[in-house]
Amino acid sequence: MEPKRVYIVTMGCQMNIYDSEQMERILAAMNYRPTAHVQKADLIILNTCSIREKAEHKVYSYLGRLARMKRKRPDLIIGVGGCVAQQQGYRLIERAPHVDMVFGTFAVKRLSGLIRQVTEQKRQVVDVNQTGTVEPSHIAPSDSQAGRATAFVTIMSGCDNFCSYCVVPYVRGREVSREPRGILEEIQQLVAHGVQEVTLLGQNVNSYGLKNGHGFDFPALLEAVNRIPGLKRLRFTTSHPKDLSDKLIGAFAGLETLAPHMHLPVQCGADRILRRMNRGYTRDDYLAGIEKLRKVRPDIAVTSDVIVGFPGEEEIDFEETLRLVESVGFDNLYTFKYSDRPMTPAARFSRKVGEAVKRERLARLLELQTRMTLEKHRSLVGTTQEVLVEGLSKKMDHQITGRTPCNKVVNFSDGAACVGQLVPVKIVEAFPHSLLGGPVKPGRLYSGYRGGILHAA
Ligand code: SAH
Ligand code: SF4
Ligand code: F3S
C-alpha cells in the first residue's frame, strides 16, 4: 500500500526532539513516512513547547496557518502533542477547532490508537492522561536518525525540582528514571547503525536512578555506557548544580568517551533571587562546583542558562549575575527574559520586572558573553581539534560541519570526510558562534550529502 506522509514540527528542547523521533517510529509501523513538504502531508503533528510564553504563541500562530490548509483539505489530520498539549488539553480544541488530536507528553506511546480513533471514528480526540511508562516502545533508530553521527537518548522523564518559574514539572510530571538495561540496549543499537556520539537526556540527569532504586546512579550509568564498544563520545544534559556530586565530577577524570563539556545552568548570580527561584544552591556553592570540575578536567567547557528579570530582581542582583558570568568565564550562555507560566508559583510573585528593563539587562548580558565567547574561540586559533563530522554546514556553502570535544561548532572543508568520522582540524579563524577550520585536503568542495557520504562537487 502507498505510504502516507507525515510532517512533524518539533518546537521544543532535546526531550521534545526525542519524542518526535519516537512518534516517527510509531508512525513508520502504521505506514507513515516523513515528508519534507508540509503541503504533501496527510498528517501534520506540532510537537509543542511551553517553556516561555513566546513558545506557546508560536503554536497558535502555526495552527492559524494550518486552519486554511484544513479548509481546503478536510482529510488532513492535525495533531498537537508535547508540552502545550499537556498543559491546555481540551482548551486547545476550543481555541483551534480544526485540530483533530491533542496528545500530551505521556501519550506519545498511545499515538497509533489515537490516530485510529480520528480516522475510523471521525472524531476529535484528547489524551492528556498522566499515565504511562518512561520506557520507549520502539528503540530501533528512526528514519531521521539514519546516517547520523549523533543521537539523543532520554534516560529519565519529568522533574521534581519545582523551580518556582518553571512549567516542566507540570507538563512532564514526576521524575522517573528508565531501566539501565533498556538505555544500554538502545545505545548499542544506535552504535550498530553508525552513531558515534550519544547525549543522555533528562531535566536533571544527576539524580538519575536515585528514586527508583535500580542500584544504578548516574555515574554508574556513565561508566556502563562508556564501556559500549564502538561509542566514541558521550555527553549528557542537563545537570542541576545542587546535585553535582564528587562522584560525577570524578567521571570526567576516568571515562575516556566522556566529552569535556558540562552544561550547568546557574539561572542567576544573586543568592536572594536563587532562593526565590527555589534552586537549592548559593552562588558560592555554584562557584565551588566549577572549581572542582576544572581541577579534575582543566580543559572542560562550561555552558549555562541565565534568566534575567525574575520577579523582584533589582539592578544590584543583576550586577551579581554579570560578575558571576565574568568570573566563571562560560564557553557559552543561553539567556532568557523571565516569562510568567501558568501554574507556577513565580507567576503569582509580586514586583514583576518591566519588559524594557528585561530587554536592557538581556542586552548587557549578551554583550558581555559574546565578548567572552569570542575571546575563548580566539584562543583556539592555531590549535588542532578533533572534530566529529556531522554533515554539510547549513550556513556555509560547500563546507562540512562538526563539533570539537568541548562542543564547539567547526566548519571546514575536507576532500574525503564521511559523516561520523573523527578528523583532526586546524582552527584558522574564530567567530562568536563557530570556528573555521583550515582545509584538511585543499581544493575539494561539497555539493551534496547522501547516505552519510559527502560528495565532492
Ligand atoms: N532542566 C533544565 C532546563 C529546563 S528549561 C534545568 O534545570 O536547567 C531550559 C531553560 O529555560 C532553563 O534553564 C531556564 O533558564 C529557562 N526557563 C525555564 N522557565 C523559564 C521561564 N518561565 N522564563 C524564562 N526562562 C525560563
Ligand atoms: Fe524546570 Fe527546575 Fe526542573 Fe529544570 S530543574 S526542568 S528549571 S523545575
Ligand atoms: Fe519545552 Fe517541554 Fe522541553 S516545555 S523545554 S518542550 S520539556
Side-chain angles (χ1 to χ4, degrees), residues 8-20 23 46-59 80-88 104-106 108 152 154-176 200-208 236-244 262-269 273-274 276-281 286 302-311 313 321 325 330 332-349 352-353 355 358-359 361-362 365:
I8 303 180
V9 188
T10 306
M11 310 176 105
C13 64
Q14 286 97 334
M15 299 245 132
N16 211 238
I17 298 176
Y18 184 83
D19 286 347
S20 290
M23 292 176 202
L46 305 189
N47 193 10
T48 61
C49 172
S50 173
I51 199 78
R52 283 167 289 275
E53 209 179 348
K54 217 159 109 189
E56 198 176 332
H57 281 164
K58 249 197 239 166
V59 177
V80 182
C83 296
V84 175
Q86 188 67 45
Q87 175 192 303
Q88 295 299 103
T105 55
F106 296 82
V108 172
F152 296 122
T154 287
I155 61 165
M156 57 211 293
S157 66
C159 184
D160 286 350
N161 287 318
F162 290 95
C163 301
S164 61
Y165 51 81
C166 184
V167 76
V168 170
Y170 308 94
V171 291
R172 293 261 167 189
R174 297 287 59 73
E175 182 183 299
V176 186
L200 306 180
L201 290 183
Q203 295 297 353
N204 179 15
V205 289
N206 307 13
S207 64
Y208 171 82
F236 56 82
T237 198
T238 299
S239 299
H240 196 302
K242 79 175 165 53
D243 298 318
L244 182 64
M262 170 78 100
H263 183 61
L264 196 63
V266 64
Q267 312 298 0
C268 179
I273 301 294
L274 285 171
R276 281 163 64 91
M277 287 178 160
N278 193 29
R279 288 291 286 178
Y281 55 86
Y286 186 86
V302 184
T303 56
S304 200
D305 294 350
V306 168
I307 297 175
V308 300
F310 185 80
E313 184 189 76
T321 301
V325 168
F330 291 111
N332 207 350
L333 200 61
Y334 301 87
T335 52
F336 308 103
K337 285 186 283 186
Y338 167 79
S339 161
D340 271 342
R341 301 314 294 133
M343 300 175 276
T344 63
R348 295 185 301 272
F349 287 179
K352 294 279 158 63
V353 176
E355 184 57 31
K358 283 197 259 189
R359 203 179 317 127
R361 288 182 187 163
L362 189 75
L365 183 59

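Every number for a ligand or one of its atoms is a count from 1 in the order of the listing. The chain is numbered in sequence order, starting from 1.
At least one N or O atom of Asp305 sits closer than 3.5 Å to an N or O atom of ligand 1. The distance criterion of under 3.5 Å between nitrogen or oxygen atoms is not met by Asn204 with respect to ligand 1. Residue Tyr338 places no N or O, backbone or side chain, under 3.5 Å from any N or O of ligand 1. Polar contact check, Tyr165 against ligand 1: a nitrogen or oxygen pair lies under 3.5 Å apart. Taking distance alone, with nitrogen or oxygen atoms compared against 3.5 Å, Thr238 stays at or beyond that limit from ligand 1.
Of the protein's non-hydrogen atoms, the one nearest atom 2 (Fe) of ligand 3 is Cys83 SG, 2.2 Å. Nearest non-hydrogen protein atom to atom 1 (Fe) of ligand 3 is Cys49 SG, 2.4 Å. Protein heavy atom in closest approach to atom 4 (S) of ligand 3: Ser50 N, 3.3 Å.
No part of Pro265 comes within 4.0 Å of ligand 2, judged by heavy-atom distances. When non-hydrogen atoms are compared, ligand 2 lies under 4.0 Å from the side chain of Cys159 (C-beta onward) but not from its backbone. When non-hydrogen atoms are compared, ligand 3 lies under 4.0 Å from the side chain of Arg172 (C-beta onward) but not from its backbone.
Ligand 3 lies out of reach of Met11, whose nearest heavy atom is not under 4.0 Å from it. Note on ligand 2: Arg279 sits in its first shell, one or more heavy atoms being nearer than 4.0 Å.
Near Cys13, the atoms of ligand 3 lying under 4.0 angstrom from a non-hydrogen atom of the residue are 3 (Fe), 5 (S), 6 (S), 7 (S).
Residue side and main chain included, Cys166 places an N/O/S atom under 2.8 Å of atom 1 (Fe) of ligand 2.
There is no side-chain donor-acceptor pair under 3.5 Å between Glu313 and Tyr338.
Remark: Arg276 qualifies as a cation-pi partner of Phe349 under the 6.0 Å distance and 45° angle criteria applied to the six-membered ring.
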